[in-house]
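The basis for the numbers below is simple: all heavy atoms, side chains too, and nothing from hydrogens, waters or symmetry mates.
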Amino acid sequence: MSTSSLNPHGQPVTRRLSLARNADRDANELIGLARGVLADGALNQGEAEFLLRWLEERPESLGIWPFSVLFERLNEALQDGHLDAQEGADLMGLLLDYTGGGSLAGGEDTSASRQSSALPLCSPAPEIEFEDCHFVLTGKFITGTRAECEAEILERGGLTQSNPTRKTRFVVIGNLGSTDWAQSSYGRKIQKAVELRADGRDIAIVSEKHWASQLGD
């Protein structure tokens, strides 16, 4: 069976590119849904169940960050059929982290795309190696708590550091980043990594999204 379809211009589109396009569309839609949920400052049972159904209707996106994380958290929270106050608050925090207060489509200064482009990320992003490599995590992570993310690295044979040094191979910037990263507290780690990179050190600065995509199963 062919893995190609035709785009609106009659040109073939591979399945991989089609999935990527659908994921971008779903990401924009999820931003809108999340903001709607956050508007009243609370997440109720009905809203959580709606988000879970919305994700279940998009199985091809469930293996992609951050859909995979949100799906897992919603499943855990609703496993007993009841969303308690703490679970609701945790999910609210996750949605707030994901939306970042910006808009993916509106072109505002606070948008995720503008925030990410302001960060000194390596382009193209390199393949992530774990075995015997030193990692520094900075910022807030959607994938999990800092301890959980560090555990992912340790399980794969990597090492973690609190600050960049000459041994550091990867600096991973959590969440969406910020246009004023140089003035932020976590920005000092990024600035140190930039200085080390400029000094010829083999250090890569990558986003949480790229790092999470390399974790595999």
*Could you give me the CA-CA distance, side-chain angles and deciding distance for Glu152 and Arg156, then say whether salt bridge (Lys or Arg N to Asp or Glu O under 4.0 Å) is met?*
CA-CA 7 Å; Glu152 295 284 356; Arg156 291 163 175 78; 2.6 Å; yes
_If you apply the rule side chain to side chain contact (heavy atoms under 4.5 Å, CB included), what do you find for His210 with Cys122, and how did you get there?_
CA-CA 11 Å; His210 177 67; Cys122 290; over 6 Å; no
*Between Leu137 and Lys189, which heavy-atom pair has the shortest distance, and what is it?*
O-NZ, 3.7 Å
*asked:* Rounded at 0.5 Å granularity, tell me how far CD in Glu129 sits from CD in Gln214.
replied: 10.0 Å
*To the nearest 0.5 Å, tell me how far Arg73 CZ sits from Leu52 CG.*
14.5 Å
*Output, in order, the C-alpha distance, side-chain angles, deciding distance and verdict of side chain to side chain contact (heavy atoms under 4.5 Å, CB included) for Ile128 and Val206.*
CA-CA 9 Å; Ile128 304 294; Val206 299; 4.1 Å; yes
_Other residues, nucleotides and ligands only: do more than 12 of their heavy atoms fall within 6.0 Å of CD on Glu127?_
no
*List the atom of Leu43, the atom of Ala48, and the distance in Å for their closest heavy-atom pair.*
CD1-N, 4.0 Å
*Considering all heavy atoms, the nearest Ile205-Ala193 contact*: CD1-CB, 3.8 Å
_Side-chain touch Thr138/Val172, heavy atoms, less than 4.5 angstrom_ = no
*Between CG of Leu55 and CD of Glu72, what distance do you get to the nearest 0.5 Å?*
12.0 Å
*Regarding Glu29 and Trp54, is there a side-chain donor-to-acceptor distance under 3.5 Å anywhere?*
yes
*Path from Phe50 to Phe71 over hydrophobic side-chain contacts below 4.5 Å*: yes
*If you round to the nearest 0.5 Å, how far is NZ of Lys209 from CZ of Phe141?*
15.0 Å
_For a quick test of reading the model, state the closest non-hydrogen atom pair linking Leu154 to Leu159 and the distance between them._
CD2-CA, 4.3 Å
*Could you walk me through whether Asp84 and His82 pass side chain to side chain contact (heavy atoms under 4.5 Å, CB included), step by step?*
CA-CA 6 Å; Asp84 63 35; His82 172 68; 4.0 Å; yes
*asked:* Between Glu56 and Arg53, is there a side-chain heavy-atom distance shorter than 4.5 Å?
replied: yes
*Considering only heavy atoms from C-beta outward, does the side chain of Leu83 approach that of Glu47 to under 4.5 Å?*
no
*Side-chain donor-acceptor pair under 3.5 Å between Asp90 and Gln86, yes or no?*
yes
*Test Glu208 against Ile173 for side chain to side chain contact (heavy atoms under 4.5 Å, CB included), laying out the working first.*
CA-CA 6 Å; Glu208 175 189 359; Ile173 302 175; over 6 Å; no
*Leu70 versus Ile142: any side-chain heavy-atom pair under 4.5 Å?*
no
*Do Phe135 and Cys149 come within less than 4.5 Å of each other through their side chains, counting heavy atoms only?*
no
_Could you tell me if the side chain of Val194 sits less than 4.5 Å from the side chain of Ile203, heavy atoms only?_
no
List, one per line, each side-chain donor-acceptor pair under 3.5 Å for residues 163-171, sequence neighbours excluded.
from   : atom 1 : to     : atom 2 : distance (Å)
Thr165 : OG1    : Gln161 : NE2    : 2.8
Thr165 : OG1    : Lys167 : N      : 3.1
Thr168 : OG1    : Gln161 : OE1    : 2.6
Thr168 : OG1    : Thr165 : N      : 2.8
Thr168 : OG1    : Thr165 : O      : 3.2

_Shortest non-hydrogen contact between Leu121 and Ser207, atoms and distance_ = CD2-N, 3.8 Å
*Test item: Gln45 side-chain N/O and Gly81 main-chain N/O as donor-acceptor pair under 3.5 Å*: yes
_Any side-chain to backbone donor/acceptor pair from Glu148 onto Thr145? Under 3.5 Å, distance only._
yes
